[in-house]
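Working notes, structure below.
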Amino acid sequence: MARETWATRMGFILAAVGSAVGLGNIWRFPFITGQEGGGAFLLLYLLFVVLIGFPAILVEFVIGRYTELNPVGAIRELGSGAWNYLGWLFVVTGFVTLSYYSVVAGWFLRYTLIGVTDGYALAGPEEATALYGSVTTGLDSLLFHAVFMALVIGIIAAGVRRGIEVGVKVMVPAIIVVLVGLAAYAFTLDAAGAAYAYYLTPDFGYLAANWTSILPAAAGQAFFTLSLGMGVMITYASYLGEDRNLATDAGIIAALDTLIAVIVGFVVFPFLFAAGIEPGGPGPSAIFVSLTSAFTGIPGGRIIGIVFFAMVGIAALSSAISILEVLVSYLIDEFDVERVPASVAIGVAVFLLGVPVTIDLIFLGLYDNLAGGVLLVLGSLLLALFVGWVIPDVARNELEKGIGSLGGLGTAWIWIVRIPIVIVVLVSLYLGVVGYVDFLTGGFAEWLAAR
Ligand code: PFF
């Protein structure tokens with residue numbers, strides 16, 4: 001059967017941007033930046049997007065377009081032996097990532113509804129934190145996790161692509177407009193100056209003292225936000241025509257995605273500083289606490305809040321879809337399962353895996369540190385090794401289709417993937433694993449002991 005291809009180049013870019021832009025930009029980026037010291041983290045993160053993220057997008061693009069297969073099938077066609085297990089890593093990563101992603105996306109749905117029923121008029125940061133606590137644990141959290149997963153399953157089961165493209169086309173520009181507006185309002189706060197200093201001035205002393213946690217955090221965030229390391233971009237590029245310039249497409253995706261994350265920082269930190277909250281303190285609640293205080297203070301804040309939370313929910317939907325699509329296309333292509341039962345079966349399994357996160361937020365750390373700190377980094381490392389060392393000629397040829405040889409840029413790319421990327425990502429992975437083991441034997445063990 002001939003494989004469907006993207007109707008337009010725009011369609012492909014929109015879907016890939018839809019996957020990249022999501023909770024990683026709006027929820028994960030500001031809280032990790034806060035935890036990792038602000039400017040020092042921002043600097044490393046930006047470097048990683050350009051030097052590692054961009055070439056790594058191309059790694060996934062060439063594999064997908066060359067094989068026209070799902071990631072598991074693609075690796076099997078190109079590699080042999082132990083490489084075949086790489087597909088399993090993607091499947092595991094997809095399960096873990098989507099399970100808690102859906103829970104957090106559910107919180108955004110819940111906050112949307114809170115705007116409709118009650119508005120965001122809160123007395124102060126304590127109340128904002130209390131609201132966050134009530135949204136994120138218990139039955140509410142479970143219910144909205146279920147609603148979100150039902151939406152993801154429905155879209156994937158129906159195989160609708162048109163909907164995604166239109167959604168992204170409207171949503172991404174709208175998110176940027178609202179964020180810029182909020183950032184402009186944040187600029188008027190007295191605390192803005194201190195917040196900008198924190199966010200934009202890299203403290204090199206801090207970086208030197210804390211690089212073992214900042215480095216893996218920046219690498220993990222770069223892969224997470226660009227949807228790398230679990231085959232999503234392989235899947236999307238597998239539907240792509242040969243005449244496309246992969247490098248331009250990768251550049252557009254990385255640039256838009258980074259722009260959105262960076263603007264979020266200009267919103268979150270001024271509001272945290274204005275509320276007298278330590279930027280590293282709130283963790284995963286950072287965006288919610290800062291936004292609810294923003295919407296409390298702004299005229300028309302209630303409407304803006306409802307619209308914004310809903311838009312983030314939709315942005316999360318287009319990202320979640322890309323993860324479930326990897327899992328489902330695997331089941332369809334490899335085991336000949338029909339699309340609808342495959343979507344429902346996997347979707348329900350993902351939902352169940354996410355349930356512990358709705359019960360206790362310690363599981364959010366357990367899942368998020370595993371996915372962002374270890375699994376996505378490992379997946380990206382193995383993909384870089386695979387393209388750089390196992391199929392370099394195929395990869396370079398594939399990149400040059402639609403671009404031309406560009407005076408040896410393809411060769412340069414292969415060498416960047418082969419050595420510098422492999423080294424930096426390997427170090428990040430090592431540090432990420434050490435950090436995760438610390439978490440398991442520290443915070444998580446204490447939590448278990450207290451049960
Ligand atoms: N990139 C998405 C975001 O920033 O929200 C999350 C994501 C999607 C991560 C797909 C990984 C992935 F494979």
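Side chains are part of it too, since the values below use all heavy atoms of this structure and drop only hydrogens, waters and symmetry mates. Note that the structure is predicted; figures quoted are calculated from it, not measured. All ligand and atom numbering here is 1-based and tracks the order in the structure.
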In ligand 1, which numbered atoms sit nearer than 4.0 Å to a non-hydrogen atom of [X]?
| X | answer |
| --- | --- |
| V232 | 10 (C), 12 (C), 13 (F) |
| L23 | 5 (O) |
| N25 | 4 (O) |
| G24 | 3 (C), 4 (O), 5 (O) |
| I323 | 8 (C), 10 (C), 12 (C) |

Could an N or O of ligand 1 be found under 3.5 Å from any N or O of [X], whether backbone or side chain?
| X | value |
| --- | --- |
| T225 | yes |
| L226 | no |
| M230 | no |

*Under 6.0 Å from the CZ atom of F386, do we count more than 12 heavy atoms belonging to anything else shown?*
yes
*In terms of heavy-atom contacts, does CH2 of W389 have more than 12 from other residues, nucleotides or ligands at under 6.0 Å?*
yes
Can you report which non-hydrogen protein atom sits closest to [atom], along with the distance?
| atom | result |
| --- | --- |
| atom 4 (O) of ligand 1 | A20 O, 2.9 Å |
| atom 2 (C) of ligand 1 | S19 O, 3.2 Å |
| atom 5 (O) of ligand 1 | Y101 OH, 2.5 Å |
| atom 11 (C) of ligand 1 | S227 CA, 3.6 Å |

Starting at [atom1] of [X], measure out to [atom2] of [Y] and round the result to the nearest 0.5 Å.
| X | Y | atom1 | atom2 | value |
| --- | --- | --- | --- | --- |
| L376 | L89 | CG | CG | 9.0 Å |
| L226 | I253 | CG | CD1 | 9.0 Å |
| F295 | Y185 | CZ | OH | 11.0 Å |
| T292 | F309 | OG1 | CZ | 6.0 Å |

*Report yes or no: does W27 have a heavy atom closer than 4.0 Å to ligand 1?*
no
*Quick one: does ligand 1 sit under 4.0 Å from the side chain of S322, the backbone, both or neither, non-hydrogen atoms only?*
side chain
*Check step by step if ring pair (Phe, Tyr, Trp, His ring centres under 6.0 Å) holds for Y330 and F90.*
CA-CA 10 Å; Y330 168 65; F90 295 157; over 10 Å; no
*Which one of F90, F224, F29 has a non-hydrogen atom at the shortest distance from atom 1 (N) of ligand 1?*
F224
*Quick one: does NZ or CZ of R244 land under 6.0 Å from the six-membered ring centre of F12, within 45 degrees of the ring axis?*
no
*Would Y196 and F266 count as a close aromatic pair, with their ring centres under 6.0 Å?*
yes
*Does the pair W107 and Y132 meet the rule for a ring pair (Phe, Tyr, Trp, His ring centres under 6.0 Å), with working shown?*
CA-CA 9 Å; W107 300 346; Y132 171 80; 5.7 Å; yes
